[in-house]
Amino acid sequence: MTHANDTLIVFVPMAYLVALGAYLVRKRAPEALDARTPLLATGLALVLHGALLGVRFAMIGQLPWTNVFDVLSALAFLMTLTYALVEAASRVAATGPDLLPMPFLLVVYACAFGPHEPLGNPVTHTSRFVLHTVPAVSAVAALLVSGLYGVLYLRLAKAIKRKDFGPLFQRLPNLEILARMNFWAATIGFLLVTLGIFVGAIIAGDISGGVDVTNPKIAMTYLVWTLLLVPMIGKLTGRWPDRATARISVITVGLIVASILTATVMFLLG
Amino acid sequence: MTPESSGSLLVLGIGHRSADVELRERYALDAAARAALREDLATRFGLERICLLSTCNRTEVCLHLEGEAIEEEALIALHERVFPGLPRGRSSYEYRGWDAAIHLFRLAAGLDSMVVGETEILGQIRDAFDESALATDPGRLLRDLFRQALTLGKRVRTETELGRGSLSVAAVAVKLARKVVGELEGKRALVVGAGETGVLVGRHLVAAGVRDIAIVNRTRERAEEAARELGGRAGGLDALAAELDLADVVVGCVEREEPLVTLPLVRGLHNRTRVFIDLSVPRSIDPRIGELGGVFALDIDDIAHLVEATVAERMRQVGEVDALVVAEVHKFLALQAFAGLTPLVVRLREAFAETRDEAVSEGAVETGPAEMLTKRLLGAAMQALKDASRGRYRQDEVAMAYETFLRRGNDQP
């Protein structure tokens with residue numbers, strides 16, 4: 001197991017690099033690579049990454065996200081999986097070069113600076129914790145994807161408004177597709193955040209008699225949930241502008257990144 | 001006609017390569033303005049052999065100057081009449097003699113269009129000539145020139161790759177709409193203006209699958225006619241606000257001095273993503289609406305930018321078309337040279353007929369064989385004259401003039 005862990009921890013970032021490289025090559029010279037190659041490379045990276053997570057799960061007998069680095073690794077896996085599913089369903093590969101750098105950086109960061117061997121933690125071993133963290137981490141992945149689509153939407157909208165019909169305009173899918181991807185990912189993220197908050201509230205009630213809203217992480221989570229509630233209600237009324245959803249999803253990414261950085265600093269400070 | 005600038009053909013114009021949309025809309029000529037200009041040119045300048053072309057991409061006056069070359073002062077006055085207030089040579093262009101013919105042939109070939117190879121220009125040239133021919137007699141030279149230009153335009157579209165799958169401004173407008181609102185199936189479209197361009201855009205929108213199309217026009221009857229063809233709804237300008245509120249895609253194709261789709265009007269609409277594409281010159285949609293959230297406003301010049309990539313692809317086919325243009329210009333010049341021999345041809349015919357009649361009356365030959373012989377001799381003489389006319393200008397000479405024309409930069413002041 002240790003040997004497999006050692007090997008995969010090197011090969012997974014390399015596989016992500018190959019996948020990202022394939023998208024970038026297709027972006028610059030479409031005729032140089034078969035259209036399916038980038039998605040196949042992404043699939044291979046996901047298989048290797050899934051194997052790494054499986055090995056680390058087997059080594060400690062619990063979900064391998066007992067520290068920030070492993071959470072980031074899982075986030076990268078979920079983001080890439082979300083992207084690959086979106087590309088396979090929509091057959092729109094043009095957003096790969098924009099979406100995949102983030103999971104690539106997260107994987108490199110987690111594999112290079114995280115604990116080499118997974119660390120078990122009795123607190124995070126409980127089924128309630130699993131029920132809380134699985135939706136929470138998945139929600140973050142979905143919201144990061146949503147935020148990235150939000151950025152693409154806003155950039156393309158700005159390009160059209162400025163009448164800039166350059167490479168960005170030529171390469172990206174239309175605004176409607178970007179808005180749809182942005183909203184779907186935000187909706188999935190919102191539902192998962194809701195589930196995570198619900199289970200988290202039950203755990204907090206059992207452990208400390210209630211939710212501590214002064215905890216920065218919890219306050220941030222509630223803020224993200226409230227922000228996301230606005231476009232959800234807005235869409236139900238049918239008059240909610242796509243650009244507002246895009247802006248909100250970008251803001252939530254900002255909050256999530258701030259939250260992750262805070263948690264990392266707290267972890268490093270012990 | 002000579003290759004020099006003193007030739008008898010003259011084209012004065014502004015086009016999308018030399019002038020931006022603001023300038024083009026300022027000098028666009030509607031039907032009334034064209035009629036007034038035609039009358040003015042006849043009364044003030046004594047010019048009757050004229051053809052006026054005014055599209056969203058260009059305003060041009062094509063003249064056959066009979067007699068000697070036009071004097072410089074007269075040319076300045078003529079320029080001022082056609083493009084008042086526009087300094088000569090700044091944003092406008094002048095072509096004379098061979099250059100004028102080359103320019104018109106390139107125009108008909110679609111080489112000078114915003115979307116290279118588009119076909120709308122052919123119809124516009126035909127309409128411009130028909131309108132001019134109805135108003136005054138354009139004369140043999142202009143008739144030959146336009147007829148041959150139209151023939152060349154058809155040949156380019158049928159014999160070369162340039163015309164295959166050709167993109168029109170209307171098709172590019174639909175592509176642009178798709179980039180904003182996505183696939184058009186299930187979307188609602190509004191076309192403002194029921195003229196030729198409006199109907200053309202409507203056809204493209206329907207072909208792209210729009211669920212609902214409305215056409216509003218100042219004259220409701222024309223809107224109804226267009227709506228019948230497109231399977232949509234028709235309305236007068238009083239229906240504009242209501243139709244705007246329903247539409248995802250709005251295309252303006254109407255000749256009007258003031259914008260119809262104004263900022264207050266659009267500001268009052270329900271909040272949703274909309275794309276407004278203005279194909280009119282002068283513009284019918286206030287460009288300031290693009291500052292509103294969720295509103296994307298694009299005009300005819302934006303279409304030009306969008307098609308640059310398409311143009312680059314089509315430019316690869318241009319060499320083949322250039323060769324066709326050179327051949328047609330050469331043919332036209334030979335035709336004109338032969339036409340210049342008309343008095344000689346008439347004299348020859350008369351002389352042959354007299355000689356034949358004399359020989360018959362003297363009993364030297366019978367009528368039947370005499371007529372046959374005369375016909376054959378006349379045919380041989382005509383052929384010799386035609387060959388001489390064709391040989392008057394060498395094709396490589398025309399090709400060189402064409403190269404020079406291109407090097408100067410067509411449509412550049």
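Every chain is numbered from 1, with letters handed out A, B, ... down the list of sequences.
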| task | Could you have a look at Leu178(A), Leu175(A), Asp242(A) and say which one has the most heavy-atom pairs with chain B under 4.5 angstrom? | result |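 Ranked by heavy-atom pairs under 4.5 Å with chain B, first place is Leu175(A).
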| query | Hey, which of Leu172(A), Ile160(A), Leu156(A) has the most heavy atom pairs under 4.5 Å with chain B? | reply |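 Highest number of pairs under 4.5 Å: Ile160(A).
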| field | Top of Glu291(B), His270(B), Arg272(B) for chain A proximity - count of heavy-atom pairs under 4.5 angstrom | value |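 Looking at each of Glu291(B), His270(B), Arg272(B) in turn, His270(B) comes out on top.
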| Atom CZ of Arg36(A) with >12 non-hydrogen neighbours under 6.0 angstrom |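 No.
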| request: Mark yes when over 12 heavy atoms from residues, nucleotides or ligands other than Glu258(B) sit less than 6.0 Å from its CD; otherwise mark no. | output: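 No, the 6.0 Å shell around CD holds no more than 12 heavy atoms from other groups.
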| field | Region of Ala157(A) that comes under 4.5 Å of a non-hydrogen atom in chain B | value |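 Its backbone and side chain both get close to chain B.
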| message | Any carboxylate oxygen within less than 4.0 angstrom of a Lys/Arg side-chain nitrogen, looking at Arg283(B) and Asp299(B)? | response |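 Yes, this pair counts.
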| Does Arg26(B) come within less than 4.0 Å of Glu22(B), counting only side-chain N to carboxylate O? |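 Result for this pair is no, no salt bridge flagged.
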| said: Can a donor-acceptor pair be found, under 3.5 Å and without considering hydrogens, that links the side chain of Thr59(B) to the backbone of Tyr27(B)? | reply: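 The answer is yes, because a donor-acceptor pair under 3.5 Å joins these two groups.
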| message | If I measure from the heavy atoms of chain A, does Val181(B) come under 4.5 Å with its side chain, its backbone, both, or neither? | response |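 For Val181(B), backbone heavy atoms alone lie under 4.5 Å from chain A.
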